[in-house]
*Asks:* 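Pasting a structure below so you can have a look.
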There are 2 protein chains.
Amino acid sequence: MARAAGVSRATVSRVINGIRNVDLAIQEKVKQAIALTGYVPNQAARSLVTRRTGTIALIVSGAGGSQESPFPGHVFADPFFGRVAGGVVGFLRPLGIYPILMFADTPETRDQVIAYLRQGNVDGAILVSISTEDTLPKLLADASLPAVLFARPARPIPISYVDVGHRAGGKLAADHLVARGCRRLATISGPLDVPASQDRLAGFQEAMAVHGHPYIPCAEGNFTLPSGEVAMERLLAEHPDIDGVFAANDLMAQGALLVLRQHGRSVPGDVAMVGFDDSSAALACRPPLTTVRHPVEDMAAEMGRLLLTHIEHPDHPVTSRIFEPTLVIRESA
Amino acid sequence: MARAAGVSRATVSRVINGIRNVDLAIQEKVKQAIALTGYVPNQAARSLVTRRTGTIALIVSGAGGSQESPFPGHVFADPFFGRVAGGVVGFLRPLGIYPILMFADTPETRDQVIAYLRQGNVDGAILVSISTEDTLPKLLADASLPAVLFARPARPIPISYVDVGHRAGGKLAADHLVARGCRRLATISGPLDVPASQDRLAGFQEAMAVHGHPYIPCAEGNFTLPSGEVAMERLLAEHPDIDGVFAANDLMAQGALLVLRQHGRSVPGDVAMVGFDDSSAALACRPPLTTVRHPVEDMAAEMGRLLLTHIEHPDHPVTSRIFEPTLVIRESA
DNA sequence: CTGAAAGCGCTAACAA
DNA sequence: TTGTTAGCGCTTTCAG
């Protein structure tokens with residue numbers, strides 16, 4: 001700005017950055033000049049010297065051996081991603097920092113992302129990895145860029161992460177279903193190669209075992225609505241007398257509800273249904289879905305917090321933070 | 001990088017930026033040195049001189065007189081936003097440019113956004129305005145920052161925008177329903193203060209008028225599933241003999257379908273249903289929803305393209321681009 | 001076709 | 001407490 005505030009640029013810099021040791025009168029004068037001229041510091045110049053951008057990356061990374069659709073619409077359209085983005089933005093915004101949205105689904109785009117990060121465009125990264133085979137977490141670790149993951153990586157990697165107690169969630173569902181009086185339970189699991197699915201299933205099975213149900217029929221889905229439909233269809237064919245189901249996410253539960261209705265089974269009268277996530281899909285179900293709440297927004301905020309401390313303190317040790325799931329009781333069970 | 005490539009930094013710069021007039025042998029030498037040292041140019045330094053950041057903002061702006069929820073989850077979770085983000089990222093990514101995700105819902109956050117943009121953090125902005133009362137478009141225009149809107153602003157503002165032919169979409173739905181043999185039509189509109197809702201309704205009504213149906217019962221919703229339920233409930237109460245419905249978006253159609261089933265009406269047997277958007281909700285419906293496709297991804301890509309030309313050519317005239325909707329026929333009509 | 005030198009706007013030592 | 005002085009790493013005239 002016009003150093004016409006009558007002082008040196010150093011002083012202006014000091015008041016803008018809130019460094020004390022500036023005479024109050026001068027501070028006032030500078031502030032007025034700023035307001036008057038509408039001066040805004042140039043971020044590029046600032047970053048050049050501070051080596052901080054005040055920006056972080058929010059990366060969604062899929063598997064993608066080769067190429068996928070040009071429009072990653074269905075990824076961002078996933079209510080789950082929306083909640084993550086909302087949580088991150090909600091936490092970061094008051095701090096005046098905003099995330100850069102990145103998407104990597106192929107080896108090339110992964111390299112592109114890494115290259116971008118190495119340009120010093122961001123101070124750190126928050127990574128939501130969709131696939132077990134994703135190599136980006138490792139690439140990030142190798143680049144020793146401050147980063148935080150959503151969910152425990154399939155293979156151990158020295159990066160901090162945030163996760164929910166999947167086993168505890170499975171147990172919550174089991175206990176509720178049993179307490180409700182269900183006797184012939186079944187479950188629709190997520191894809192069994194992802195840790196979260198395994199853990200939800202294990203938690204459910206273990207809890208059922210202690211309730212005296214050592215064997216629980218299980219159909220594997222892939223977290224999509226149609227997969228929930230076919231899983232329910234199969235379960236019903238093999239065990240027509242089912243009276244309670246735990247689906248590993250709300251979308252599959254929604255699909256299951258659809259076929260239950262088709263078969264004339266009332267919910268929760270004939271069969272009770274418990275989902276997982278407490279996503280918007282849970283509310284779109286009829287009846288509204290009883291579900292295990294996955295506190296995604298809070299977790300996303302925590303990712304932001306963790307990332308910031310990693311950025312501030314480069315030597316901060318790798319950390320993980322596990323959130324407790326809770327049961328949200330609505331009408332389906 | 002180690003200017004140990006044996007040349008001056010100026011030459012390295014030229015090679016990196018693909019400026020001709022560089023001896024091929026030297027080019028090779030430099031490239032090797034780059035590969036060897038893993039050199040990456042510092043973006044901040046670059047931006048400082050070029051006055052370009054290679055970054056744009058993707059802003060979601062709501063109304064918000066005062067404050068809203070700390071987590072803008074439901075906004076980003078909206079499948080509509082997901083499609084926009086996907087389209088923008090899909091177009092920009094091959095160009096190596098990524099969007100910064102911003103969210104403004106209160107006057108304060110709007111100012112914060114503007115301040116951020118004025119810091120020179122981005123070259124331009126793509127704005128998805130959720131509310132009619134949003135003042136951000138005007139603020140952007142006043143700041144004369146390159147920007148493109150999604151959808152025509154309620155009040156005329158000198159900013160380029162991209163939109164779909166809402167009227168044409170309404171007509172598509174009307175023609176299809178009539179061709180199918182429906183005689184007693186009704187419609188569920190969106191909030192009538194937003195131009196898109198008005199236009200979809202008008203297009204539908206006009207087309208119905210030419211088909212000899214001058215009056216069409218209409219219930220107003222707000223684009224949410226529950227609002228679709230109550231609207232359908234009302235329509236059914238007042239006009240029990242309805243045999244065809246046009247809902248102004250898929251979510252409301254989904255809600256309407258739910259109450260239709262509750263009332264024992266078969267779809268499309270007893271009543272046919274046409275939605276609008278062709279969002280993921282259309283596929284989640286049972287039966288799958290016949291709907292007017294809103295080519296959101298393509299529109300988002302076009303926003304990127306338009307923004308880029310505005311950035312390249314600051315004097316490029318304000319432009320609008322209207323996309324044609326198409327009918328996607330599935331099972332509900 | 002290539003190198004030297006200036007300078008983008010800011011922060012941070014260092015002096016005063 | 002404030003001003004002066006160096007750069008931060010790059011692009012870009014301007015010479016050569």
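Throughout, a chain's letter reflects where its sequence line sits, starting with A, and its residues are numbered from 1.
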*Asks:* Looking at residues at least two apart in the chain, or sitting in another chain, which of them share a salt bridge (charged side-chain N to carboxylate O under 4.0 Å, His left out) with K31(A)?
*Replies:*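 If we apply the salt bridge (charged side-chain N to carboxylate O under 4.0 Å, His left out) test to K31(A), skipping adjacent residues, there are no hits.
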
*Asks:* From CG of L48(B) over to P of dC8(C), roughly how many Å is that when rounded to an integer?
*Replies:*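 Result: 9 Å.
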
*Asks:* Please report, rounded to the nearest Å, how far the P atom of dG9(D) is from the CD1 atom of I34(B).
*Replies:*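 Result: 17 Å.
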
*Asks:* Kindly give the atom pairs (protein nitrogen or oxygen, nucleotide nitrogen or oxygen) under 3.5 Å for nucleotides 13-16 of chain D.
*Replies:*
none

*Asks:* Just how far, in rounded Å, is C1' of dT11(D) from CZ of R51(B)?
*Replies:*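 In whole Å, dT11(D) C1' lies 12 Å from R51(B) CZ.
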
*Asks:* Of A45(B) and D23(B), whose nearest nucleotide on DNA chain C comes first from the 5' end?
*Replies:*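 First, find each residue's nearest nucleotide; the 5'-ward one identifies D23(B).
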
*Asks:* I want to confirm an ordering. Mapping L24(A) and T50(B) to their closest nucleotides on DNA chain D, which one lands closer to the 5' end?
*Replies:*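 Closest to the 5' end, via its nearest nucleotide, is L24(A).
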
*Asks:* dT2(C) P sits how many Å from I19(B) CD1, rounded?
*Replies:*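 Distance, rounded to whole Å: 13 Å.
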
*Asks:* Please state whether the phosphate of dT11(C), meaning OP1 or OP2, lies under 4.0 angstrom from any side-chain nitrogen or oxygen of S13(A).
*Replies:*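 Yes, because at least one side-chain N or O of S13(A) sits under 4.0 Å from OP1 or OP2 of dT11(C).
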
*Asks:* At less than 4.0 Å, is any side-chain N or O atom of T11(A) found next to OP1 or OP2 of dG3(D)? Yes or no.
*Replies:*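 For dG3(D), OP1 or OP2 has a side-chain N or O of T11(A) closer than 4.0 Å.
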
*Asks:* Would you please indicate yes or no on a ring centroid separation below 6.0 angstrom for F150(B) and F80(B)?
*Replies:*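 Yes - the distance between ring centres of F80(B) and F150(B) falls below the 6.0 Å cut-off.
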
*Asks:* How far does OG1 of T55(A) sit from CG of N121(A), to the nearest 0.5 angstrom?
*Replies:*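 Those atoms lie 8.5 Å apart.
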
*Asks:* Determine whether D105(A) and R93(B) make a side-chain contact, defined as any pair of heavy atoms from C-beta on separated by less than 4.5 Å.
*Replies:*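 With C-beta onward as the side chain, the pair touches.
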
*Asks:* Does dT11(D) have OP1 or OP2 sitting under 4.0 Å from an N or O in the side chain of R46(B)?
*Replies:*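 True: R46(B) side-chain N/O within range (under 4.0 Å) of dT11(D) OP1/OP2.
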
*Asks:* Is the distance from OP1 or OP2 of dC8(D) to the nearest side-chain N or O of N42(B) less than 4.0 Å?
*Replies:*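 N42(B) to dC8(D) OP1/OP2: no side-chain N or O under 4.0 Å.
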
*Asks:* Does I26(A) or N17(B) map to a spot on DNA chain D nearer the 5' end, using the closest nucleotide for each?
*Replies:*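 In this pair, the answer is I26(A).
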
*Asks:* Please state how far atom CD in Q43(B) lies from atom P in dC8(D), giving the value in whole angstrom units.
*Replies:*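 Spelled out: CD on Q43(B) to P on dC8(D) is 19 Å.
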
*Asks:* Does a side-chain heavy-atom distance below 4.5 Å link I16(B) with Y39(B)?
*Replies:*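 The answer is yes, as the side chains (C-beta and beyond) meet within the 4.5 Å cut-off.
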
*Asks:* Within this structure, what is the CG-OG distance for the pair L136(B) and S131(B), rounded to the nearest 0.5 Å?
*Replies:*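 OG of S131(B) is found 11.0 Å from CG of L136(B).
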
*Asks:* How many Å lie between CZ on R9(A) and P on dA6(D), as a whole number?
*Replies:*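 Roughly 12 Å, once rounded to whole Å.
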
*Asks:* Grab the CD-P distance between Q119(B) and dT11(C) for me, whole Å please.
*Replies:*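 So the two atoms are 10 Å apart, to the nearest Å.
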
*Asks:* Do any pairs count as a salt bridge (charged side-chain N to carboxylate O under 4.0 Å, His left out) and have a residue in residues 44-59 of chain B, sequence neighbours left out, and if so which ones?
*Replies:*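 Sorted result for residues 44-59 of chain B: empty, none.
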
*Asks:* For R52(A) and dG9(C), give me the distance from atom CZ to atom P, rounded to whole Å.
*Replies:*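 Value for this atom pair: 24 Å.
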
